[in-house]
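Notes follow once the structure below has been shown.
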Amino acid sequence: MQAYRGLPILTAQPEQPTRLVGIWPLTHEGSVAEYALLAHADIDGLLDEGKTPVVAGGTGLYLRAALTELRLPPAPSPALRERWERAYDRLGAERAHGVLVERDPDAGARLHPNDRRRVVRALELTELGSSLNPPVDRLWTAETRHPTIVFGLDVHRDVLAERIAQRARAMFDAGVVEEARSALSGAISSTAVHALGLREVADLPLEDALQAVVLRTRRYAAYQRKWMRRIPGLVSVNGDRPADEVANEIVEVASARQRLPAGRAG
C-alpha cells in the first residue's frame, strides 16, 4: 500500500526518498505482477551501478515478488473479473465456492467461501488455464534472482503491541482522519480501498477508530510473524534496540557473507 500516493500517514511512508513509494495514484489498480517488474528493474539497475539494493517491507507476497521470479498467473480482463464477481454475488458464498471446488479442487480446499476476492480470482484463473494453487509453490523456495540475504527483525510480542499502539496514536495526531476521508471522497481503486484501517479511520468515532486500527494491525503483525518464519534461510535480528545497532549487525553479517560489493547501498 505504500506504493500509493495520498495515504502517507496511514501507510507509514518513509520520510527519506525511497524507490517504489508513492508511485501510483489511488485510482490505479495495482498488482503484484506490475510491482515485480518495477522492483526487478530498480534492483538490477542498482546492481549495475555497483550498489547493494535494500528491499524493506512489508507484505510478504510483494517481498518475494521483488526477490524472485514468482511466475505469476495471468491477469484477467475487466470483463472476466466482473462476470465472476456477479456470479459470486448471485450464487452466494457457499455455492460460488462449490463451483470453484468442482473446477479446481486444490484451490477450493485452500480458500474459505467468504473470501470473496480470492474465490473470484481463483474462478477467473480456471478459465485462463491456471490456478491459485500451482504444483510448485515458489513463495517458499530458496531461489532468488540475485544472491540475497533476508533479515527478519524480531521483537517480543509485548514490545510489538506497545509499538503498534504508539504508532496508531501518532497517526491520528498527525491527521490520518482527514487523509482517509480525503482519499475516500474521490475515485479510488478496488485495490487501494483495502488499505488497512482506511474505512475505520474515515467512518468511526475517534476512539473506536483508534482501537479498530490497533486490533487489525496486531492481527496483521501476527500473520506477518508467521510468514517471516517460513522464509528459507532467514537471519533473525533483535529489533528491540537502537536502529544503528540493528543496521550495524546487518552490515556485518552481509559483509561476512560477501553480499556487499564495493560502493554504497542504494
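The first residue in the sequence is number 1, and the count goes up from there.
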Residues that [X] engages under salt bridge (charged side-chain N to carboxylate O under 4.0 Å, His left out), provided they are two or more places apart:
| X | answer |
| --- | --- |
| Glu249 | Arg241 |
| Arg157 | none |
| Glu102 | none |

Looking at residues at least two apart in the chain, or sitting in another chain, which of them share a side chain to side chain contact (heavy atoms under 4.5 Å, CB included) with Tyr35?
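Side chain to side chain contact (heavy atoms under 4.5 Å, CB included) list for Tyr35, sorted by chain: Leu20, Trp24, Ala39, Tyr62, Ala66.
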With sequence neighbours excluded, what pairs up with Pro242 under the side chain to side chain contact (heavy atoms under 4.5 Å, CB included) test?
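If we apply the side chain to side chain contact (heavy atoms under 4.5 Å, CB included) test to Pro242, skipping adjacent residues, the hits are Asp244, Glu245.
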For [X], what residues pass the side-chain hydrogen bond (donor to acceptor under 3.5 Å, both in side chains) criterion, not counting sequence neighbours?
| X | answer |
| --- | --- |
| Ser185 | none |
| Asp208 | none |
| His156 | none |
| Arg103 | Thr126 |

Atom pairs and distances, donor-acceptor, side-chain atoms in residues 87-95, under 3.5 Å, two or more places apart:
from: Tyr88; atom 1: OH; to: Pro113; atom 2: O; distance (Å): 2.6
from: Asp89; atom 1: OD1; to: Arg116; atom 2: NE; distance (Å): 3.0
from: Asp89; atom 1: OD2; to: Arg116; atom 2: NH2; distance (Å): 3.0

Look up atom OG1 in Thr144 and atom CD1 in Ile149, then write down how far apart they are to the nearest 0.5 Å.
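Answer for the OG1-CD1 pair, Thr144 versus Ile149, is 10.5 Å.
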Among residues two or more places apart or on two chains, list those pairs meeting side chain to side chain donor-acceptor pair (under 3.5 Å) that have a residue in residues 195-204.
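Non-adjacent pairs meeting side chain to side chain donor-acceptor pair (under 3.5 Å): Glu200-Arg216.
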Test applied, side chain to side chain contact (heavy atoms under 4.5 Å, CB included); reference residue, Leu215; option that passes from Arg218, Arg219, Gln211:
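Among Arg218, Arg219, Gln211, the one that satisfies the side chain to side chain contact (heavy atoms under 4.5 Å, CB included) with Leu215 is Arg219.
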May I have the list of side-chain donor-acceptor pairs in residues 6-17 shorter than 3.5 Å, sequence neighbours left out?
from: Thr11; atom 1: OG1; to: Leu7; atom 2: O; distance (Å): 2.6
from: Thr11; atom 1: OG1; to: Gln13; atom 2: NE2; distance (Å): 3.3
from: Gln13; atom 1: NE2; to: Gln2; atom 2: O; distance (Å): 3.3
from: Gln13; atom 1: NE2; to: Tyr4; atom 2: O; distance (Å): 2.7

